[in-house]
Amino acid sequence: PHKRESTKRKLHQLVAVLNTNDRPIFIHGHTDSQGSKYYNVLLSERRAAAFARTLQQLGVKDQRLRVIGYGKTTPSPIIEPKKAAKKTAV
């Protein structure tokens with residue numbers, strides 16, 4: 001299947017699992033260590049909020065979602081700064 005369809009299917013599966021209980025769901029937003037502290041905090045919060053909106057649109061109750069943005073205090077364990085810079089270079 002197309003990558004986008006596969007992602008949608010996985011998101012629906014995630015929502016089905018999340019909706020088996022009423023516990024809070026914590027969504028942590030991260031950035032890499034590049035950029036200012038202020039910018040990265042806002043960016044990480046926006047990333048987490050965007051994912052929370054997606055979950056809400058797919059049926060997760062809004063009151064269960066807790067968004068936390070870490071900025072550069074806790075960099076993404078997935079993104080390495082040099083690789084991220086290459087991805088954003090124009």
Side-chain angles (χ1 to χ4, degrees):
H2 190 269
K3 189 174 184 178
R4 187 175 181 118
E5 293 170 12
S6 174
T7 301
K8 284 183 180 181
R9 186 175 57 252
K10 288 177 184 178
L11 278 171
H12 284 279
Q13 291 170 346
L14 174 64
V15 168
V17 171
L18 293 175
N19 284 335
T20 62
N21 65 68
D22 288 328
R23 291 183 292 204
I25 301 166
F26 293 88
I27 302 169
H28 300 197
H30 296 273
T31 63
D32 61 19
S33 59
Q34 304 297 305
S36 73
K37 178 181 176 181
Y38 177 75
Y39 175 79
N40 281 326
V41 168
L42 293 177
L43 177 59
S44 62
E45 288 173 353
R46 285 195 312 264
R47 288 177 173 172
F51 189 66
R53 279 191 304 277
T54 298
L55 292 178
Q56 183 184 13
Q57 291 168 352
L58 294 174
V60 176
K61 294 177 184 174
D62 182 47
Q63 60 267 26
R64 294 182 59 207
L65 302 172
R66 309 286 189 276
V67 173
I68 302 168
Y70 288 105
K72 58 201 283 186
T73 60
T74 308
S76 171
I78 298 169
I79 301 173
E80 296 175 28
K82 288 183 181 180
K83 290 181 182 178
K86 287 180 183 177
K87 288 181 181 179
T88 59
V90 178

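We use all heavy atoms of the structure for the numbers below, so side chains are in, but hydrogens, waters and symmetry mates are not. Residue numbers start at 1 and run along the sequence shown. This one's a predicted model, so the numbers in the text were calculated from it and none came from an experiment.
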Side-chain donor-acceptor pairs of residues 11-20 under 3.5 Å, sequence neighbours excluded:
unit_1, atom_1, unit_2, atom_2, d
Asn19, ND2, Val15, O, 3.4
Asn19, ND2, Gly59, O, 3.4
Thr20, OG1, Val17, O, 2.7

>> Arg53 vs Val67, test: side-chain contact (heavy atoms from CB on, under 4.5 Å). Steps then yes/no.
In response: CA-CA 10 Å; Arg53 279 191 304 277; Val67 173; over 6 Å; no
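- Between the side chain of Thr31 and the backbone N or O of Gly71, at least one donor-acceptor pair lies under 3.5 Å.
- Between His28 and His30, the two ring planes are tilted [angle within 30° to 60°].
- Hydrophobic clustering (side-chain heavy atoms under 4.5 Å, transitive across Ile, Leu, Val, Met, Phe, Trp, Tyr) groups Val60 together with Ile27.
- The shortest non-hydrogen separation linking Lys61 to Asp22 is NZ-OD1, 4.2 Å.
- From Lys37, atom NZ reaches atom OG1 of Thr73 across 8.0 Å, with rounding to the nearest 0.5 Å.
- Leu58 CG to Gln56 CD: the interatomic distance, rounded to the nearest 0.5 Å, is 10.0 Å.
- Side-chain heavy atoms closer than 4.5 Å link hydrophobic residues (I, L, V, M, F, W, Y) into clusters, and following such links, even through other members, never connects Leu42 to Tyr70.
- Among all heavy-atom pairs drawn from Ala48 and Gly29, the shortest one is CB-N, 3.7 Å.
- Of all non-hydrogen atoms in Asn40 and Gln34, the two that sit nearest each other are ND2-O, 2.5 Å.
- Cluster annotation: Phe26 is not connected to Phe51 through the hydrophobic network of ILVMFWY side chains, with a link wherever side-chain heavy atoms come within less than 4.5 Å.
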